[in-house]
Amino acid sequence: MATLPNPLPRLAADPSGRSLGLGLPLGRLIDETEDGPWHEPLLWHAEYAASSGAWTALGGRAARTGLLPVLIEVGGSQGGPAEWELMPGRMSYPGDHDPEEVLADFWEAYAEDELDDGEGTAGEDDWSWPGLAEAPSALPADPDRRAAEAADALLDEGSWFKDPRLALVPARRSADIPAAIGWTGPLNHENDVARLCAVLRSWEDRFGIRVIALDFDSLVVSVAAPPTTQEDAEAVAAEHFAFCPDNIHQGSHRTLREYAEHAVLGQRTWSFWWD
């Protein structure tokens with residue numbers, strides 16, 4: 001995958017990050033992959049659990065150095081990123097893929113067999129790809145501020161996190177973070193996560209999303225401009241289904257209409273999980 005120059009190697013000699021204009025807490029550089037040690041660190045993460053305000057305190061300054069923030073779970077059954085079977089060498093570049101073509105391919109592969117049309121939520125009987133949802137005319141919130149708010153909400157008591165850490169990843173844009181570290185969470189759905197990152201880039205452009213959290217097989221994004229009507233939410237729900245079919249056929253909302261109403265409409269975070 002094509003990347004910008006990686007600032008992380010400088011942290012090996014300067015763990016505080018002061019040479020980068022950062023004041024980092026005690027942390028760890030990760031270079032472990034499924035294929036052996038990577039030639040440079042893929043990410044840095046703090047050694048202690050993140051708390052509310054950590055994203056804001058560090059994220060903006062880090063972004064100016066080419067490092068983007070993301071929360072990672074290290075307390076799950078699969079451990080932290082050193083145990084996640086990362087495969088950076090197998091990832092392409094997100095900018096080389098057309099997001100609508102990616103979604104249309106997945107829709108064609110999964111829609112007819114896996115969507116329940118009993119309530120008329122899948123669209124047409126021919127199961128044709130409905131196309132990309134329209135973007136709102138303007139973003140009602142600043143995407144980076146919304147990301148910080150969403151990150152803080154994930155760190156509140158009752159979140160799915162067991163042991164969240166703030167991580168920094170060398171990436172061109174937030175949507176590229178999964179490919180930049182070689183994340184393999186969607187491996188049973190797509191081997192090259194850069195194709196899914198191309199979709200995340202499109203959502204970044206249209207809805208102001210930011211990738212805010214990862215664990216072994218789950219992804220959470222903040223949303224600056226979520227759909228505000230049921231019709232628009234259903235259009236986005238179709239993209240979600242193509243992006244992550246497990247959200248529908250293994251989730252609590254088994255039709256696109258239900259999923260759109262409860263998981264997309266007005267929601268400031270979107271979550272995805274691959275079995």
Side-chain angles (χ1 to χ4, degrees), residues 1-8 30 33-35 38-43 59 62-63 65-72 81 84-109 129 131-133 135 139 143-144 147 167-225 236 238-245 247 269-274:
M1 174 180 164
T3 61
L4 295 172
N6 185 350
L8 290 180
I30 301 295
T33 78
E34 178 70 1
D35 302 315
W38 194 239
H39 61 87
E40 59 184 5
L42 295 166
L43 70 148
T65 74
L67 298 171
L68 300 183
V70 65
L71 298 174
I72 59 170
W84 283 359
E85 302 173 353
L86 302 178
M87 300 181 184
R90 307 186 191 188
M91 304 300 167
S92 59
Y93 177 55
D96 290 339
H97 305 284
D98 180 88
E100 183 162 16
E101 289 181 4
V102 171
L103 291 172
D105 287 346
F106 285 135
W107 180 271
E108 183 177 351
W129 164 241
L132 295 180
L139 296 181
D144 294 319
L168 299 175
V169 176
R172 294 175 182 271
R173 48 195 292 180
S174 179
D176 293 355
I177 286 174
I181 67 171
W183 186 61
T184 57
L187 193 61
N188 293 334
H189 180 55
E190 172 55 61
N191 292 332
D192 182 3
V193 79
R195 283 167 43 84
L196 298 180
C197 289
V199 177
L200 293 174
R201 281 185 169 204
S202 179
W203 291 347
E204 199 173 66
D205 294 338
R206 285 181 288 150
F207 306 111
I209 70 102
R210 296 289 187 268
V211 173
I212 58 169
L214 291 170
D215 71 4
F216 177 72
D217 55 8
S218 301
L219 164 72
V220 183
V221 304
S222 61
V223 191
V236 172
E239 295 189 32
H240 283 205
F241 172 76
F243 184 82
C244 180
N247 268 26
T269 59
W270 296 338
S271 300
F272 304 94
W273 167 76
W274 291 265

Side-chain heavy-atom pair E190, V102 within 4.5 angstrom cut-off: no
Approximate separation, where rounding is to 0.5 Å, of C244 SG and D217 CG: 9.5 Å
Donor-acceptor contact present, side-chain D176 to main-chain C197, <3.5 Å: no
Reference residue W274; test side chain to side chain contact (heavy atoms under 4.5 Å, CB included); the match among L187, L219, T184: L219
Minimum side-chain heavy-atom gap W38-I181 below 4.5 Å: no
Main-chain N/O of N6 paired with E40 side-chain donor or acceptor, under 3.5 Å: no
Residues in ring-ring contact (aromatic ring centres under 6.0 Å, His included) contact with F272, at least two apart in sequence or another chain: W203, H240, F243
Derivation of the side chain to side chain contact (heavy atoms under 4.5 Å, CB included) call for L43 and W183: CA-CA 11 Å; L43 70 148; W183 186 61; over 6 Å; no
Partner set under salt bridge (charged side-chain N to carboxylate O under 4.0 Å, His left out) for D35, not counting sequence neighbours: R90
Gap separating the OG atom of S222 from the CD1 atom of I209, nearest 0.5 angstrom: 7.0 Å
Close side-chain approach of P88 and L42, heavy atoms under 4.5 Å: yes
Backbone of S92 reached by a side-chain donor or acceptor of D192 within 3.5 Å: yes
